[in-house]
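Structure first, then comments.
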Amino acid sequence: MRFSIRRTRRPLALPPLLAFVMLAVLAVVPAERAQAVNGSTSPCALRGRGNAVDEGQNTDYTQFLNPLGTKKIGVVYVDFPDMAGAGDVADYYNLLSPAANWVWDASYGKTWLNMRTTLNRWVRMPSASGTYGFPSPTYQQHSRYVTDALKAAAGGGADLSGYDMFYIVSTAHSQVSRSTAWFGTPSALPVVNGTRIRWAVTFGTDMWHWGHKVAAHETAHAFGAPDLYAFSGDSHQYTSGWDLMGYLGGRAPQYFGWTSWKFGWTTDEQVVCVWQPRTQNTATLNGVEYTGGTKLLVVQTGPTTAYVAEARRKVYNDSDLCSSGVLIYKVDTSVASGQGPIRVVPNPNAAAPPSGCGTLDMAAWQPGQTFVDRAANVEFTVRSADAYNSTVNAIKW
Ligand SMILES: [Zn+2]
């Protein structure tokens, strides 16, 4: 579920004088309003690095695939000298293809994954399945895997032109154990039969465990989203079963509304932003599973930090969720993938979790409940709720 991406060079440290001048400027100029690639002009649209998977709203769509619209995805099925293709490639397609409807629903009909089989058979990789470094290939190993697969497909007669990205599906029982997203380095994209390769997901044998949601997860990496599970310690400590970027087997896999905003699925008009001190606002939040309405109530707490409230309901992609109500979480766009860029706020008055649900899965806030972070000067109160909406007041002290 991790991704491989070439690390960019760290920028040179600022000369001390320039740093001093910038500090002086920052002291008198109000906080810069973000101008995100998703078109957002909201002061709550926190910026990230842009060219890294993070929760920043300023995604660089030369590095990442713009989520909006129909994405043409060429599907390639690979086997190996040590592992001949097992079964019919159509079974692999049928396992992954429900991701299209899943993402269609998650995106409110703004993204369609148009998956097309490029060659209706296995293509043979030149090297054994254990030689590519899975489950954790280096960028070079992963690039070799992607280019080997696409060269083999092209050699077999596949036309690779016209696709936005590729799904490269390994035969079952190979040593490609883990599904991973791959990003081409914009300045050095591999070219196969005249086609420049920008984005790919390589599906491993874990797809038989996770099913189609692994395609929704990995494709969201191509869109710029980070992993929300923890790379060390308890992997569910930050978001438990909320959002499939946190847990593919989670009970509430709909993407967080914040990520939906980053993807352009949720627009500025659907976001209520509280950013000036000693202000407040009240929003009637429509469940993020439904289309339309106000989706997010955001309190900006710093250049890279915010508290976010969104409504969650037991419908559509979240039809199995553990607790309906208002989810409150912290976003920090400076926090790297796997380190907790989104952290769900626990609710001390939540009901005890039933079997199959964790404590954090029960954290949705109910009418009459108030969350206060005195250090951050933030307060949220849930005023009322029905089957579709929760009305929430937010204060920035
Ligand atoms: Zn991942």
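We count ligands from 1, going down the list as the structure has it; atoms in each ligand are counted the same way. Note: hydrogens, waters and symmetry copies are ignored here, and every other heavy atom, side chains too, is used.
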**Message:** For A364, is there any backbone N or O sitting under 3.5 Å from a side-chain donor or acceptor partner on Q366?
**Reply:** yes
**Request:** Looking at H221, pick out the N, O or S atom nearest to the Zn ion (ligand 1) and give its name.
**Result:** NE2
**Message:** Does this structure show an ion pair linking E289 with R312, if we count only N-O contacts that are shorter than 4.0 Å?
**Reply:** yes
**Asked** With the Zn ion (ligand 1) as the point of reference, which N/O/S atom of H217 is the closest?
**Response** NE2
**Message:** Please determine whether a side-chain nitrogen of the Lys or Arg among D164 and K71 lies less than 4.0 Å from a carboxylate oxygen of the Asp or Glu.
**Reply:** no
**Asked** Looking at R251 and D320, does any basic side-chain N land under 4.0 Å from a carboxylate oxygen?
**Response** yes
**Item:** D227 near the Zn ion (ligand 1) via N/O/S, less than 2.8 Å
**Value:** yes
